[in-house]
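Since the structure comes first, as structure tokens, the remarks are kept for the end.
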Number of protein chains: 2
Amino acid sequence: MIVLDYRDKRPLYEQVTEKLAHLIIRGALAPGEKMPSVRQLALELSVNPNTIQRAYAQLEQDGYLYSVVGKGNFVSETFEWKIGKLKELKKELTALISQAQTAGMTKEDIIALISDIYSRADHKEELT
Amino acid sequence: MIVLDYRDKRPLYEQVTEKLAHLIIRGALAPGEKMPSVRQLALELSVNPNTIQRAYAQLEQDGYLYSVVGKGNFVSETFEWKIGKLKELKKELTALISQAQTAGMTKEDIIALISDIYSRADHKEELT
DNA sequence: TCAAGTGTATCGTTCGTCTTAATACAGTTA
DNA sequence: TAACTGTATTAAGACGAACGATACACTTGA
């Protein structure tokens with residue numbers, strides 16, 4: 001199901017989080033589906049249950065799944081994590097734009113920058 | 001000239017960097033002016049010369065000043081650091097907006113967000 | 001020329017935080 | 001109630017950031 005890379009310098013829980021998130025985003029794990037238990041997945045990956053627990057906690061934080069004590073972890077509906085991701089990005093964008101304006105960028109500067117980025121993206125989309 | 005706050009959890013070199021940057025931005029240190037030497041400022045602040053050195057290196061990286069071996073550190077022309085800051089912000093903004101659009105935010109969503117941020121900032125400016 | 005000033009590079013110690021694990025606690029269900 | 005779930009606490013180890021001691025390299029003026 002998942003293979004960990006011990007040459008990867010990132011922590012184990014982060015690798016697990018990322019790979020599970022990918023499976024959910026791609027639809028390999030359907031909404032409502034039951035995730036493997038923390039102990040079971042820990043056994044499969046030869047890792048401490050806490051490591052899986054931390055990955056699951058992060059995925060819950062990001063809206064990808066929800067947990068029920070005594071029952072297990074389950075994949076959330078798609079819109080859940082999309083909303084979560086948007087909120088996160090909005091937060092970061094706000095902070096960055098605040099910096100930008102204190103540094104002297106005008107509103108128009110930023111809008112022009114955004115238009116530029118989006119126009120390039122439109123070209124890419126034509127290829128998909 | 002500068003007072004360090006040891007209750008502040010941020011590292012000393014970061015405090016020094018920030019406060020010197022403020023002095024430069026506000027014009028208290030004029031372009032072309034000679035900065036105190038690393039050893040001299042280190043003495044004044046009762047801190048290791050390396051700490052000041054690191055602050056100066058950061059300020060040079062950000063375009064606030066330039067150094068000449070054997071002579072000293074000097075405040076850069078204003079446009080130098082403005083350009084540097086803008087480039088940095090543009091880079092971060094580009095990366096973040098790319099993420100935003102892959103996450104489903106539309107161009108209009110982002111522009112609305114920016115307008116919101118700027119309108120709040122305008123209110124603040126009226127008070128200064 | 002050389003002493004005294006300047007910036008810079010290297011190295012080691014300390015200290016905090018991050019990561020992971022061991023273990024115990026708590027809820028659910030057949 | 002046994003066997004499964006998730007969760008909380010604590011400790012140990014690794015790692016990196018911050019700072020300082022020290023030596024190196026360049027410039028200037030007496």
Side-chain angles (χ1 to χ4, degrees), chain A residues 1-21 24 29 32-76 80, chain B residues 1-21 24 29 31-76 80-81:
Chain A
M1 187 178 189
I2 289 183
V3 176
L4 292 179
D5 180 7
Y6 278 88
R7 292 171 307 178
D8 195 327
K9 290 171 185 173
R10 293 176 308 165
L12 297 175
Y13 79 90
E14 198 173 313
Q15 289 185 51
V16 176
T17 302
E18 185 197 72
K19 302 207 172 183
L20 289 178
I24 294 175
L29 294 171
E33 188 172 340
K34 186 176 184 302
M35 300 289 291
S37 76
V38 290
R39 288 172 180 77
Q40 179 184 336
L41 186 52
L43 272 179
E44 287 183 22
L45 301 183
S46 301
V47 128
N48 189 280
N50 283 334
T51 303
I52 306 300
Q53 165 60 21
R54 184 159 180 184
Y56 278 8
Q58 182 64 50
L59 289 169
E60 185 176 21
Q61 178 76 20
D62 294 344
Y64 288 108
L65 48 80
Y66 61 94
S67 69
V68 182
V69 183
K71 303 187 97 171
N73 285 270
F74 304 88
V75 179
S76 300
E80 297 279 359
Chain B
M1 187 178 189
I2 289 183
V3 176
L4 293 179
D5 179 7
Y6 278 87
R7 292 171 306 177
D8 195 326
K9 290 172 184 171
R10 294 176 308 165
L12 296 176
Y13 78 90
E14 199 173 311
Q15 290 186 48
V16 176
T17 302
E18 185 196 73
K19 303 207 172 185
L20 290 179
I24 294 175
L29 295 171
E33 188 172 340
K34 185 172 183 304
M35 299 288 293
S37 76
V38 290
R39 288 172 179 81
Q40 179 184 338
L41 187 53
L43 272 180
E44 286 184 21
L45 302 182
S46 300
V47 127
N48 190 281
N50 284 334
T51 302
I52 306 299
Q53 165 60 22
R54 186 162 180 183
Y56 278 8
Q58 183 63 51
L59 290 168
E60 184 176 21
Q61 177 76 20
D62 294 345
Y64 290 107
L65 48 82
Y66 61 94
S67 69
V68 183
V69 182
K71 302 187 99 173
N73 285 271
F74 304 87
V75 180
S76 301
E80 296 279 358
W81 51 268

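Each chain gets a letter, A, B and so on, in the order its sequence line appears, and its residues count up from 1. Since the model is a prediction, treat every value here as computed from it, not as a measurement.
Side-chain proximity of A/Pro11 to C/dA22, C/dT19, C/dT8: nearest is C/dT19. For B/Val38, the listed nucleotide lying nearest its side chain is C/dG7; candidates were D/dA18, D/dG20, C/dG7. The side chain of B/Asn48 lies closest to D/dG20, out of D/dA18, D/dG20, C/dA21. For B/Ser37, counting side-chain heavy atoms from C-beta on, the closest listed nucleotide (C/dT6, C/dT29, C/dA21) is C/dT6. Proximity note for B/Tyr56 (side chain, C-beta onward) versus C/dA21, D/dT7, C/dG7: the nearest is C/dG7.
More than 12 heavy atoms of other residues, nucleotides or ligands sit less than 6.0 Å from atom CD of B/Gln40. Counting heavy-atom neighbours within 6.0 Å of A/Lys19 NZ, excluding the residue itself, gives a total above 12. Other residues, nucleotides and ligands place more than 12 heavy atoms under 6.0 Å from the CD atom of A/Glu14.
Rounded to whole Å, the distance from CD1 on B/Ile52 to C1' on C/dT8 is 15 Å. What separates CG of B/Leu45 from P of D/dG20 is a distance of 11 Å, to the nearest Å. Following rounding to the nearest Å, B/Leu12 (CG) and D/dC19 (P) show an atom-to-atom distance of 4 Å. In this entry the distance linking CD of A/Gln40 with C1' of D/dA3 reads 14 Å, nearest Å. Between the CG atom of B/Leu43 and the P atom of D/dA21 there is a distance of 12 Å, rounded to whole Å. Rounded to whole Å, the distance from CD on A/Gln58 to C1' on C/dT19 is 14 Å. Atoms CG (A/Leu65) and C1' (D/dG6) sit 12 Å apart, rounded to a whole Å. In this structure, A/Met35 places its CE atom 13 Å from P of D/dT7, rounding to the nearest Å.
Annotation: of the two residues near DNA chain C, A/Tyr6 and A/Val68, the 5′-most nearest-nucleotide partner is A/Tyr6. The residue among A/Val47 and B/Val69 whose nearest nucleotide of DNA chain C is located toward the 5' end is B/Val69.
Within the structure, a side-chain polar atom (N or O) of B/Asn73 is placed less than 4.0 Å from OP1 or OP2 of C/dG7. Contact check, A/Gln53 against D/dG6: no side-chain N or O comes under 4.0 Å of OP1 or OP2. Note on A/Tyr13: every side-chain N or O is 4.0 Å or more away from OP1 and OP2 of C/dT20. Here B/Thr51 reaches the OP1 or OP2 of D/dG20: one of its side-chain N or O atoms lies under 4.0 Å away. In this model, the phosphate group of D/dC26 is not approached by any side-chain N or O of B/Lys71 to a distance below 4.0 Å at OP1 or OP2.
Side-chain atoms of A/Asn50 and base atoms of D/dA8 include a donor and an acceptor less than 3.5 Å apart. Taking 3.5 Å as the limit, the base of C/dG7 and the side chain of B/Arg39 contain a donor-acceptor pair of atoms between them.
A donor-acceptor distance shorter than 3.5 angstrom exists from the side chain of A/Ser76 to the backbone of A/Gly63, with no hydrogens or angles considered.
Distance check, rounded to the nearest 0.5 Å: CG of B/Asp62 to OG1 of B/Thr17 gives 8.0 Å. Atom-to-atom distance recorded for B/Leu12:CG and B/Thr51:OG1 is 6.0 Å, nearest 0.5 angstrom.
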